A.B. asks: 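Just dropping this structure here.
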Amino acid sequence: METRTDSVDLVGDEAATNLARAALFAALVGAFAYVSFPFPLSPAPVTLQVLGVFLAGVFLGPVWGGAALVLYLLAGALGAPVFSGGSAGLGELLGPTAGYLWSYPIAAAVVGAVVHRGATLRAVDTIGVPTLVAGMAAGVVVVYTLGVFGMMAVLGLTLGEAFLQGAAVFLPAEAAKVAVAVGIVRSDAIAAA
Amino acid sequence: MTLSYVPDGSPAHRLDPRSKLAVQVGFAAAAYAYTTPRGLAALTVVAVVCLRLAGGGPRSLWAYRFALPFLVAAPVVAGATLGAPWFRVDRAVETSLASYRVLLVFVVAAAYVRSTPVRDSRAAIQRTVPGRAGAFLGVGVALVFRFLPLLRRDLATAREAVAARGGDALPVRDRMRLVAVAGINRAFGRADRLGTALSARCFAWNPTLPPLAFGRVDALALGFGVGLAVVALATVV
């Protein structure tokens, strides 16, 4: 039995809290995947995952928000049942919804960067509604652009077909989620932010 | 039923997680390189053998049922055309093969998930990704596994509470907001308590990990994974 004599390299208080928040947000996005609402005009029930992506960008900022969604993807790839409907495994990251999944960390970072105008966090209640809407609209564009290209690559569809099957039918629900996210951020409902 | 680790003594359970990941990556590469009827027939055999070696069966695949509508709809959408001949069989066949390929990748992924405990996955990450990035990913993934069931229960409680107060009659947007606010508040509350508790317990970047070791069977699995990847690359070069 070998004896290890490395000294302990402690994690600072702030980093520990940020790490815990990133991990909990990743788990929350996973839990949101189970919450589905029937939505008018949408062929499939709408889950709150993308709402979680927006809010990760807003509440954790571009760096930790992006990191949280990286954790989400990695945990899912290694078997946590966090993808839609409780599925898991590396296969999901190569499946028909692969483009959407890979876009989440980028989208969270983009939303965070637009909303906070850079890498340092601003107080959430000082952010104006136009900035919030612009940030989340940018997030929606990132998610659906990568999602549609993912469907084209994985299923061999053309751009028009992939857009029809993978974006057009879901966009009304996304508009509702942006409205919900703005409502959440503008209200005083979140205690710890 | 969700897909998760099942304790068992199957051959796949005895493998090192890193060699199982190599097989998955190699298999996916081969499936994308050989999306032909013959190639996929051979890979079907490989995928079924992988799942059997992990002690899994058709029941293990139930968790993937939500991907099926996408996979079934894609050939129909791809085949349909505006104007004569209305349905192009060649396009539909091409997309059916692509859909089937995805299904096979799911089967192999299910074998990994069934046969690998979280601790081993975490150790595999921290031994593969060096430094603090690896420690962050390893700890973070373990925490996601730990807190996912709690947050799911928090959200279910919130939905029940909303329903019990007649919230079912509210517009979808309000119901989404109520559930999301409850979820985020619970998550932040848990995160802040966890962060304090971690600091109090000397949370370190360099903890002691469970031992991982490649055995003789791992050489076979690793060789197989690398072989699949090489065969796949051969078609590209």
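In this text the structure is predicted, and so the values were computed from the model without any measurement. Chain identifiers are assigned alphabetically (A, B, ...) following the order of the sequence lines, protein sequences preceding nucleic acid strands; residue numbering begins at 1 within each chain. Reckoned from all heavy atoms, side chains included, excluding hydrogens, waters and symmetry mates.
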A.B. asks: Select one option (side chain, backbone, both, neither) describing which atoms of A:Leu28 are under 4.5 Å from chain B's heavy atoms.
C.D. replies: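 A:Leu28 touches chain B through backbone and side-chain heavy atoms alike.
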A.B. asks: Please classify the contact between B:Ile125 and chain A as side chain, backbone, both or neither, with a heavy-atom cut-off of under 4.5 Å.
C.D. replies: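 Answer is side chain: those atoms of B:Ile125 sit under 4.5 Å from chain A.
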A.B. asks: Can you list the residues that meet the salt bridge (charged side-chain N to carboxylate O under 4.0 Å, His left out) rule with B:Lys20, with sequence neighbours excluded?
C.D. replies: none
A.B. asks: Once side-chain contact (heavy atoms from CB on, under 4.5 Å) is applied, do any residues pair with A:Val133, and if so which ones, sequence neighbours excluded?
C.D. replies: A:Val129, A:Val182
A.B. asks: Checking heavy atoms, do the side chain of B:Ser99, its backbone, both or neither come under 4.5 Å from chain A?
C.D. replies: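 Answer is both: backbone and side chain atoms of B:Ser99 are under 4.5 Å from chain A.
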A.B. asks: Measuring heavy-atom distances to chain A, does B:Arg159 have an atom under 4.5 Å in its side chain, in its backbone, in both, or in neither?
C.D. replies: side chain
A.B. asks: Contact part of B:Arg122 toward chain A, heavy-atom cut-off under 4.5 Å: side chain, backbone, both or neither?
C.D. replies: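 Answer is neither: B:Arg122 stays 4.5 Å or more from chain A.
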A.B. asks: So, taking the atom named CZ in B:Arg177 and the one named CG in A:Leu51, what distance separates them when rounded to the nearest 0.5 Å?
C.D. replies: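 One finds 11.5 Å between CZ of B:Arg177 and CG of A:Leu51.
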A.B. asks: Which heavy atom of A:Ala20 sits nearest to which heavy atom of B:Leu194, and what is that distance?
C.D. replies: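 Heavy-atom minimum between the residues: CB-CD2, 3.7 Å.
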A.B. asks: In terms of heavy-atom pairs under 4.5 Å with chain A, which of B:Ala191, B:Ser199, B:Gly195 leads?
C.D. replies: B:Ala191
A.B. asks: Using a heavy-atom distance cut-off of less than 4.5 Å, which residues of residues 151-162 of chain A contact chain B?
C.D. replies: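 Hits under 4.5 Å: A:Met151, A:Ala153, A:Val154, A:Leu155, A:Gly156, A:Leu157, A:Thr158, A:Glu161.
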A.B. asks: Tell me, yes or no, whether the heavy-atom count around A:Trp102 atom CH2, taken from other residues, nucleotides or ligands under 6.0 Å, exceeds 12.
C.D. replies: no
A.B. asks: Tell me whether A:Phe149 at atom CZ has more than 12 heavy atoms from other residues, nucleotides or ligands lying less than 6.0 Å away.
C.D. replies: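 Counting other residues, nucleotides and ligands, CZ of A:Phe149 stays at 12 neighbours or fewer.
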A.B. asks: For the CG atom of A:Leu94 and the CZ atom of B:Phe27, what is their distance to the nearest 0.5 Å?
C.D. replies: 11.0 Å
A.B. asks: Chain A: which of B:Leu21, B:Leu198, B:Ile184 shares the most heavy-atom pairs with it under 4.5 Å?
C.D. replies: B:Ile184
A.B. asks: Output the option from B:Val105, B:Val181, B:Leu143 having the highest count of non-hydrogen pairs under 4.5 Å with chain A.
C.D. replies: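 Going by pairs under 4.5 Å, I would pick B:Val181.
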A.B. asks: For residues B:Phe203 and A:Ala16, report the shortest heavy-atom separation together with the two atoms involved.
C.D. replies: CD2-CB, 4.1 Å
A.B. asks: So which residue, A:Val35, A:Val70, A:Thr17, ends up with the most heavy-atom pairs under 4.5 Å with chain B?
C.D. replies: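 Counting heavy-atom pairs under 4.5 Å, the top option is A:Val35.
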A.B. asks: Return the option, out of B:Ala200, B:Ala28, B:Ala187, with the maximum number of heavy-atom pairs under 4.5 Å with chain A.
C.D. replies: B:Ala187
A.B. asks: Please look at A:Leu60 and chain B and tell me whether the side chain, the backbone, both or neither of the residue comes under 4.5 angstrom of a heavy atom of that chain.
C.D. replies: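 A:Leu60 touches chain B through side-chain heavy atoms alone.
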A.B. asks: For the atom pair CZ (B:Arg193) and CG (A:Leu24), what is the distance rounded to the nearest 0.5 Å?
C.D. replies: 9.5 Å
A.B. asks: Taking all non-hydrogen atoms of both residues into account, name the closest pair between A:Gly95 and B:Phe106 and its distance.
C.D. replies: CA-CZ, 4.4 Å
A.B. asks: Could you tell me the separation between the CG atom of A:Leu73 and the CG atom of B:Leu137, rounded to the nearest 0.5 Å?
C.D. replies: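 One finds 11.0 Å between CG of A:Leu73 and CG of B:Leu137.
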A.B. asks: Got a donor-acceptor contact below 3.5 angstrom from the A:Tyr34 side chain to the B:Leu155 backbone?
C.D. replies: no
A.B. asks: Considering only residues two or more places apart or on different chains, which pairs with a residue in residues 107-116 of chain A satisfy salt bridge (Lys or Arg N to Asp or Glu O under 4.0 Å)?
C.D. replies: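 Not a single pair qualifies under salt bridge (Lys or Arg N to Asp or Glu O under 4.0 Å).
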A.B. asks: Can you say whether B:Phe147 sits under 4.5 Å from chain A via the side chain, the backbone, both, or neither, judging by heavy atoms?
C.D. replies: both
A.B. asks: Are A:Tyr72 and B:Val144 packed together at the side-chain level, in the sense that at least one heavy-atom pair is separated by less than 4.5 angstrom?
C.D. replies: no
A.B. asks: For A:Phe25, which atoms come within 4.5 Å of any heavy atom of chain B: side chain, backbone, both, or neither?
C.D. replies: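 A:Phe25 touches chain B through side-chain heavy atoms alone.
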A.B. asks: Taking atom CG of B:Asp192 and atom CZ of A:Arg21, what is their separation to the nearest 0.5 Å?
C.D. replies: 4.5 Å
A.B. asks: Using the side chain to side chain contact (heavy atoms under 4.5 Å, CB included) rule, take A:Phe32 and B:Leu151 through it: C-alpha gap first, then chi angles, then the decisive distance, then the call.
C.D. replies: CA-CA 9 Å; A:Phe32 275 167; B:Leu151 290 175; over 6 Å; no
